[in-house]
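Just so you know, residue 1 is the first one in the sequence shown, and it goes up from there. Predicted model, so just to flag it, every value in this text is computed and none were measured.
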Amino acid sequence: SNFKPQQLAQKIEVRIPTPSNTAGCQLLCLKGKAKYKASENAIIWKMKRMTGGKTCELTAEIELLATADKKKWQRPPISVNFEVPFAMSGLQVNYLKILEPKMGYDDESVVKWVRYIGHSGLYEIRY
C-alpha cells in the first residue's frame, strides 16, 4: 500500500487472470483468502483490510493442460478494487441542516455525521 500507516484500505479484491487451459492452482497467502475460479479463468484474492505502508504476498502455482493451439496467451491486466475511508478529492461537508417538517425531523433530534469513502474505480496493472 502506498498511503500513510494511520489509514487503511478495506474490501480489497485482486483479480489475476489465468489462461483458459488452466487445470488447477495451488495458492498460498498469509493475509486474506485466495481462490481459483475456473468459471472466470481467474484467481480472486480478497482481504478485509490493510493498513498503509504494508506489503502482502500471494504465491500461485498453476497447472496447465496441454493444448494443440500454438497461439500465444494474451495476458489480460490484473485488476484491483478497494475502498479507502477518506475523501481523496478533498471534498468535505462543513454544514448540514435538516429541513423536513412533514416527517417529524427537527434539527436537534437528528444525529449528523458524514462517512467519507473513496472507491478505487478502475485500477488495472499490465504485466
Atom pair CG/CH2 of L64 and W73 - distance to nearest 0.5 Å: 9.0 Å

Closest approach of P77 to P17 (non-hydrogen atoms, all atoms of both residues): O-CG, 3.4 Å

Gap separating the CD1 atom of I12 from the NZ atom of K48, nearest 0.5 angstrom: 12.0 Å

With sequence neighbours excluded, residues passing side-chain contact (heavy atoms from CB on, under 4.5 Å) with S20: N41

Same apolar cluster: V80 and M50, side chain cutoff 4.5 Å: yes

Separation between CG of L58 and CD1 of I16, rounded to the nearest 0.5 Å: 5.0 Å

Show me the side-chain donor-acceptor pairs of residues 21-35 shorter than 3.5 Å, one per line, residues at least two apart or across chains.
from : atom 1 : to  : atom 2 : distance (Å)
N21  : ND2    : L65 : O      : 2.9
T22  : OG1    : P19 : O      : 2.6
K31  : NZ     : R49 : O      : 3.1

Sequence-distant partners of K46, salt bridge (Lys or Arg N to Asp or Glu O under 4.0 Å), two or more places apart: E13

Test item: T18 and I62 side chains (from C-beta on) under 4.5 Å apart, heavy atoms: yes

